[in-house]
Protein chains: 2
Amino acid sequence: MPGLPDAVVPVALAADLVVLTLVDGSLHVLAVRRAEAPFIGRWALPGGFVREGESAQRAAERELAEETGLGSRVHLEQLASYSDPARDPRGRVVSVAHLALVPADDAPPEAMRAGGDAAEVAWLPVTDDGSTAEPLAFDHARILRDGVERARAKLEYSALAAAFCEEEFTVGELRRVYDAVWGVRLDARNFHRKVTGARGFLDPVGTTTTRDGGRPAALFRRGPASTLNPPITRPPEPD
Amino acid sequence: MPGLPDAVVPVALAADLVVLTLVDGSLHVLAVRRAEAPFIGRWALPGGFVREGESAQRAAERELAEETGLGSRVHLEQLASYSDPARDPRGRVVSVAHLALVPADDAPPEAMRAGGDAAEVAWLPVTDDGSTAEPLAFDHARILRDGVERARAKLEYSALAAAFCEEEFTVGELRRVYDAVWGVRLDARNFHRKVTGARGFLDPVGTTTTRDGGRPAALFRRGPASTLNPPITRPPEPD
DNA sequence: GCAAAAGTGTTATCTCTACACCCATGC
DNA sequence: GCATGGGTGTAGAGATAACACTTTTGC
């Protein structure tokens with residue numbers, strides 16, 4: 001590495017993705033089955049190496065587009081980096097993990113990578129403790145747990161939940177995001193009052209839909225506010 | 001890189017530190033004056049390259065001990081990673097930034113690195129917008145801003161403020177941490193009620209001190225709770 | 001005594017929660 | 001009509017903000 005001290009150890013930089021969505025009202029994570037060693041045959045988080053001239057953020061955007069075909073309608077943020085020297089048996093690989101949230105039932109894995117390589121891709125259900133039924137490769141279980149925890153925490157005080165919804169959504173759809181991600185049942189009436197009362201949180205579209213059944217519900221878009229004050233409080237765990 | 005695809009680009013991994021403390025009741029950040037190119041003579045965040053067999057976390061701990069001489073009595077957490085390919089003119093250097101909080105008036109920079117190399121080290125005042133009067137090297141202004149914002153946000157719902165205090169501290173000292181970090185003046189009476197009423201937040205030591213003047217104040221240690229519910233709310237910005 | 005900081009009491013106001021209740025649709 | 005989900009009203013509990021007031025020290 002020219003210009004740098006001799007002692008500097010070179011590492012490979014990977015961008016991995018925790019892509020969360022709702023399938024049938026419950027939280028799922030995007031996983032790919034590994035086709036090569038190490039951890040051949042195991043589920044892993046999608047990701048890949050950062051390329052020349054690319055930031056980790058850009059690499060994550062590229063991977064996300066490759067895996068899901070989704071473009072702009074996804075929320076993407078950096079999660080954390082994982083640099084344990086033993087985390088990858090092939091050598092020194094540092095992963096910059098990212099958290100992505102995609103709308104419910106968008107981009108079904110069946111349709112994914114139609115023209116790409118033939119790796120198996122699936123939405124795996126996420127359990128209450130933020131893990132999957134089958135073990136994940138590398139330290140991806142840890143990364144997934146961190147990602148789920150971040151998503152859960154950010155729902156409280158941010159407009160993040162709308163990232164799980166279509167562009168136009170009803171208050172009920174938004175509430176079901178909270179129910180699914182937190183594993184709770186919020187009171188529909190109080191939730192409605194709270195989110196419609198928070199300034200800048202929801203932009204009324206003016207039209208209604210009956211796609212959820214029952215009485216027609218007003219449609220909203222995400223408002224300009226990115227933080228939510230007062231926050232939506234997660235019900236306390238029963239002692 | 002054996003075992004990895006040929007196309008993988010090697011990068012150097014750095015661990016940088018946003019070390020915050022209170023000096024005379026206002027927020028300061030630890031900075032070192034660069035003795036070499038690039039950015040020679042400029043202030044920069046302390047940090048260094050991650051060594052063989054070391055994680056970024058361990059490198060940050062090592063750097064922190066080297067710079068401040070402080071050991072365990074510091075809070076240290078990962079902040080974020082910065083991987084813009086142009087962020088370091090010497091080549092591809094990815095920084096895993098960490099946030100450290102050290103007790104007020106501990107480890108004065110004059111006493112630092114007594115036996116180490118002669119680089120100038122100082123506590124620079126942090127302005128309300130999370131920057132310093134003099135420009136910082138590399139993208140360190142951005143990193144500092146992110147670190148300050150993280151610290152401000154975490155005070156609301158975590159026990160982080162105690163990391164700025166000595167092991168045993170008074171409620172008034174804790175409140176002055178909030179005042180300094182948020183740039184506000186919280187009501188001493190309501191603050192007292194709130195923090196002493198939050199279960200698990202403060203452990204009473206049983207003794208008192210008059211080091212802050214006035215009536216003797218009870219001493220506390222950090223309690224077992226790491227999150228604070230209900231949170232201490234930051235007063236809204238005037239419109 | 002006086003200043004300073006700690007700590008307690010009080011009250012109006014706001015917020016939250018748990019409901020009762022009505023509304024507008026599909027079937 | 002009936003089920004389903006949307007939306008409004010309301011009362012009690014609890015949290016908050018503002019401030020009067022007492023306590024205990026140093027000087």
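To find a chain, count down the sequence lines: A is the first, B the second, and so on, and within it residues start at 1.
- Using a 4.0 Å heavy-atom distance criterion, Ala188(B) is classed as making no nucleic acid contact.
- Taking atom CD of Glu173(A) as the reference point, atom C1' of dG6(D) lies 12 Å away to the nearest angstrom.
- Atom CG in Leu186(A) sits roughly 11 Å away from atom P in dA18(C) (whole-Å rounding).
- Rounded to whole angstrom, the span from the CG atom of Leu202(A) across to the C1' atom of dG7(D) amounts to 14 Å.
- Note: Leu144(B) CG to Leu124(B) CG = 9.0 Å, rounded to the nearest 0.5 Å.
- Here dC19(D) presents its P atom at 15 Å from CZ of Arg185(B), a figure rounded to the nearest Å.
- Using a 4.0 Å heavy-atom distance criterion, Asp187(B) is classed as a base contact.
- One interatomic measurement links the two molecules: CG of Leu174(A) to P of dG6(D), which rounds to 12 Å at whole-angstrom precision.
- The environment of Arg142(B) atom CZ is sparse: at most 12 non-hydrogen atoms of other residues, nucleotides or ligands sit within 6.0 angstrom.
- For DNA chain C, no neighbouring residue in residues 219-228 of chain B is found when judged by any heavy atom under 4.0 Å.
- Salt-bridge formation is not detected for the pair Arg222(A)/Glu167(A): no Lys NZ or Arg NE/NH1/NH2 atom is positioned less than 4.0 Å from an Asp or Glu carboxylate oxygen.
- One can place CG of Asp179(A) at 12 Å from P of dG5(D), the figure rounded to the nearest angstrom.
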request  = Give the B/S/- string for nucleotides 21-27 of chain C, one per nucleotide from 5' to 3', where a protein heavy atom under 4.0 Å of the base yields B, of only the sugar-phosphate yields S, and otherwise -.
outcome  = B-BBB--

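- Remark: Glu77(B) engages Lys154(B) in a salt bridge, criterion side-chain N to carboxylate O under 4.0 Å.
- Taking the six-membered ring where the residue is Trp, the centroids of Phe191(A) and Tyr178(A) are separated by under 6.0 Å.
- Taking Phe138(A) as the reference, Phe39(A), His140(A) meet the ring pair (Phe, Tyr, Trp, His ring centres under 6.0 Å) condition, with sequence neighbours excluded.
- Within the 4.0 angstrom heavy-atom criterion, only backbone atoms of the sugar-phosphate kind lie near Arg175(B); the bases stay farther away.
- Taking 4.0 Å as the cut-off between side-chain N and carboxylate O, Asp129(B) and Arg145(B) do not count as a salt-bridged pair.
- Applying the ring pair (Phe, Tyr, Trp, His ring centres under 6.0 Å) test to Trp43(B) and every residue at least two apart in sequence or in another chain returns nothing.
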Could you list all N or O pairs between the protein and nucleotides 15-17 of chain D that sit under 3.5 Å apart?
| from | atom 1 | to | atom 2 | distance (Å) |
| --- | --- | --- | --- | --- |
| dT16(D) | OP1 | Lys194(B) | NZ | 2.7 |

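- In Arg211(A), the CZ atom is crowded: over 12 heavy atoms of neighbouring residues, nucleotides or ligands sit closer than 6.0 Å.
- For the pair Arg175(A) and Asp179(A), the salt-bridge criterion is met [side-chain N within less than 4.0 Å of a carboxylate O].
- One finds no side-chain N or O of His192(A) lying less than 4.0 angstrom from the OP1 or OP2 phosphate oxygen of dG6(D).
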Do any side-chain atoms of residues 55-62 of chain B form donor-acceptor pairs under 3.5 angstrom with protein atoms, and if so which ones, sequence neighbours left out?
| from | atom 1 | to | atom 2 | distance (Å) |
| --- | --- | --- | --- | --- |
| Ser55(B) | OG | Arg58(B) | N | 3.2 |
| Gln57(B) | NE2 | Glu61(B) | OE2 | 3.1 |
| Arg62(B) | NE | Glu54(B) | OE2 | 2.7 |
| Arg62(B) | NH1 | Glu66(B) | OE2 | 3.4 |
| Arg62(B) | NH2 | Phe49(B) | O | 3.3 |
| Arg62(B) | NH2 | Glu54(B) | OE1 | 3.0 |

